[in-house]
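What you are looking at is a predicted structure, and each value in this text was computed from that prediction instead of being measured. When reading the values below, keep in mind they use all heavy atoms of this one structure, side chains included, and skip hydrogens, waters and symmetry mates. Here is the naming used below: chain letters follow the sequence lines, and residue numbers restart at 1 for every chain.
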Amino acid sequence: MLFEQKSKKNKARTGIINTLHGGIITPAFFPDATYGAIKSLSFSEAHNAGVREIVTTTLHLEMTVGSEFIGNFGGLHKFLNWNRPILTDSGGFQIFSLIHRKMQKLGRITDAGVTFEDPRTGKFKILTPEISQIIQHNLGSDIRVVLDEPALRTTSIKYLKEANRRTVEWAKRSKEIFLKLNGLTESDFDNPRVKRPLLCAVIQGGNVENLRKENAKALIDIGFDIYGFGGGLPMKDEKSWKNELPKGLDPEMLAFLADLIPQDKIRYGLGMGTPDDLRSSIECGWDIFDTVLPTRNARHGYLYVNAGDGDAHFNNYSVMHIKKEIYKKDIYPINKDSRIKDLREISRAYLRYLFKIGENEALRLATMNNLEFYSQLMEKAGHHH
RNA sequence: GCAAGGAUGGCAGAGUGGUCAAAUGCACCAGACUGUAAAUCUGGCGUCGCGAGACUUCGGGGGUUCGAAUCCCUCUCCUUGCA
């Protein structure tokens with residue numbers, strides 16, 4: 001992977017990540033198609049909205065269709081009929097959120113792995129670093145993530161250290177089985193001429209700089225293609241990494257970590273972020289991102305629009321809460337500058353109306369709008385094309 | 001014309017003497033959402049007030065009672081049986 005710094009002012013950079021299903025131009029945003037579908041949109045519609053790569057989740061696919069079936073089918077790309085890059089998340093975060101969202105013991109973490117209750121069936125399941133890699137191998141994804149242990153910002157130092165140790169051990173085990181599954185040696189892994197899926201490790205350590213640093217170094221020593229910023233902030237009640245910050249991610253921590261990761265490696269912000277979060281992350285050198293924000297918010301009538309447009313304003317963007325009364329008679333188009341005909345021509349009043357009557361079309365239009373917004377955000381940040 | 005059952009907040013629909021400004025659902029208004037158990041969740045929703053609180057409400061009118069959406073009388077209207 002070769003990355004080129006865009007300007008001297010900040011550390012933003014552009015580059016191309018080569019995968020088995022084509023190149024990814026960075027910075028890049030991967031929408032979440034957790035269950036193998038971008039909610040309320042077909043893949044061709046998503047592609048029209050600028051989507052070039054997606055994220056799916058190991059665990060969800062395993063618990064629903066099953067990776068063995070998908071493997072026999074001919075792989076996830078064939079199953080989804082999506083021939084562009086797919087990143088599969090390890091499943092660690094999903095279990096983490098199961099454990100932390102409810103006070104009940106829905107899951108248990110040991111050095112071996114995680115046992116958890118399947119929310120759909122109530123049955124207990126086990127996920128280990130090895131199982132996660134095997135599932136991802138069956139799926140045949142282009143970018144694979146190692147199982148890690150995310151931790152809450154408020155977790156004690158003692159526990160953070162333990163979680164970090166496990167994260168490193170699991171990363172090591174993940175790489176071992178990854179090599180084995182792909183019939184590779186360590187030197188194959190480091191040889192750029194060997195075509196193979198990419199492997200991503202996730203840096204943890206809460207909001208403690210030293211622990212983040214320690215964790216990053218240990219993972220870099222093992223050697224991966226991609227280093228992720230893990231732990232995000234979707235951990236409910238954990239709105240900010242620093243108490244004094246109003247909300248959002250900690251730009252200083254992101255800058256600090258980006259500098260620790262070698263130039264030729266890819267930096268992945270997992271579960272990030274708002275358009276403002278993304279902008280500041282790109283500026284300090286992060287390359288790829290995913291979050292449910294644009295798709296979920298779209299379904300809730302929360303549309304991203306250019307700064308100054310809309311009814312709520314942030315640093316570099318604005319938002320239309322399209323269900324608001326003020327749009328009832330708004331004849332203005334959803335986005336006059338859109339590359340998508342419907343978004344250019346359909347009025348805000350009609351979109352609001354579609355939401356009010358509960359039409360699927362509302363979700364479709366809103367999701368296209370938000371995905372197009374995110375994809376253009378990446379283009380602007382990277383000066384693509 | 002006789003008999004029976006009804007009339008509750010924008011709608012549907014609980015409540016049958018005090019804890020009722022009145023459950024619940026819908027609608028409406030506002031907010032949240034960051035590696036998706038999310039087309040979800042939270043809050044508001046008689047009037048005035050930032051607030052404690054005050055005031056006016058359960059078809060109309062009258063009455064019983066310390067106290068009524070709830071009991072009695074009467075009027076209006078609706079539904080259903082019998083003529």
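Applying the 4.0 Å criterion to OP1 and OP2 of B:rG31, one finds that A:Lys324 has a side-chain N or O inside that range. For the pair A:His321 and B:rA32, the criterion of a side-chain N or O lying under 4.0 Å from OP1 or OP2 is met. For the pair A:Arg299 and B:rC41, the criterion of a side-chain N or O lying under 4.0 Å from OP1 or OP2 is not met. An OP1 or OP2 oxygen of B:rU34 is reached within less than 4.0 angstrom by no side-chain nitrogen or oxygen of A:Tyr374.
Atom-to-atom, NZ of A:Lys328 to P of B:rA30 comes out at 11 Å; the value is rounded to the nearest Å. The distance from atom CE of A:Met272 to atom C1' of B:rC33 is 17 Å, rounded to the nearest whole Å. Distance A:Tyr268 OH to B:rU34 P: 15 Å, rounded to the nearest Å. Computed from coordinates, the A:Gln204 CD to B:rG35 C1' distance equals 10 Å when rounded to whole Å. Whole-Å rounding puts the A:Met63 CE to B:rA37 P distance at 9 Å. In this structure, CG of A:Asp277 is placed 11 Å from P of B:rG35, rounded to the nearest angstrom. Atom-to-atom, CG of A:Leu199 to P of B:rG35 comes out at 21 Å; the value is rounded to the nearest Å. Atom-to-atom, NZ of A:Lys323 to P of B:rA27 comes out at 11 Å; the value is rounded to the nearest Å.
Not a single ring-ring contact (aromatic ring centres under 6.0 Å, His included) links A:Trp170 to another residue, sequence neighbours left out.
When ring centroids are compared, A:Phe289 and A:Tyr268 stay outside the 6.0 Å threshold.
B:rU8 and B:rU56 are spaced 23 Å apart, taking the P atom of each and rounding to whole Å. With C1' as the reference atom, B:rA14 and B:rA22 are 10 Å apart, rounded to whole Å. A gap of 11 Å separates the C1' atoms of B:rU76 and B:rG61, to the nearest Å. B:rU70 sits 26 Å from B:rU80 when the P atoms are compared, rounded to a whole Å.
Judged purely by distance below 3.5 Å, without hydrogens or angles, the side chains of A:Asn297 and A:Tyr304 pair a donor atom with an acceptor atom. Side-chain polar atoms of A:Ser40 and A:Thr367 form a donor-acceptor pair below 3.5 angstrom. No side-chain donor from either of A:Thr167 and A:Glu149 sits under 3.5 Å from a side-chain acceptor of the other.
Across B:rG35, B:rC29, B:rU34, the shortest atom-to-atom separation from the side chain of A:Lys356 is found for B:rC29. Considering only side-chain atoms of A:Arg296, the nucleotide from B:rA38, B:rG35, B:rA32 that sits closest is B:rA38. Considering only the side chain of A:Leu293, B:rU34 comes nearest among B:rG35, B:rU34, B:rA39. In this structure, of B:rG35, B:rA38, B:rC33, it is B:rC33 that holds the atom nearest to the side chain of A:Asn297.
Minimum heavy-atom separation, A:Ser338 to A:Glu372: OG-OE1, 2.7 Å.
Using Watson-Crick or G-U wobble geometry with both donor-acceptor distances under 3.5 Å, B:rG67 finds no partner in any strand shown.
Taken residue by residue, residues 284-292 of chain A places heavy atoms nearer than 4.0 Å to RNA chain B at A:Asp290, A:Thr291, A:Val292.
Nucleic acid contact for A:Arg144: none, since no nucleic acid atom lies under 4.0 Å from a heavy atom of the residue.
A:Ile157 belongs to a hydrophobic cluster with A:Leu160, A:Val208, A:Leu211, counting contacts under 4.5 Å between side-chain heavy atoms of Ile, Leu, Val, Met, Phe, Trp and Tyr, direct or through other members.
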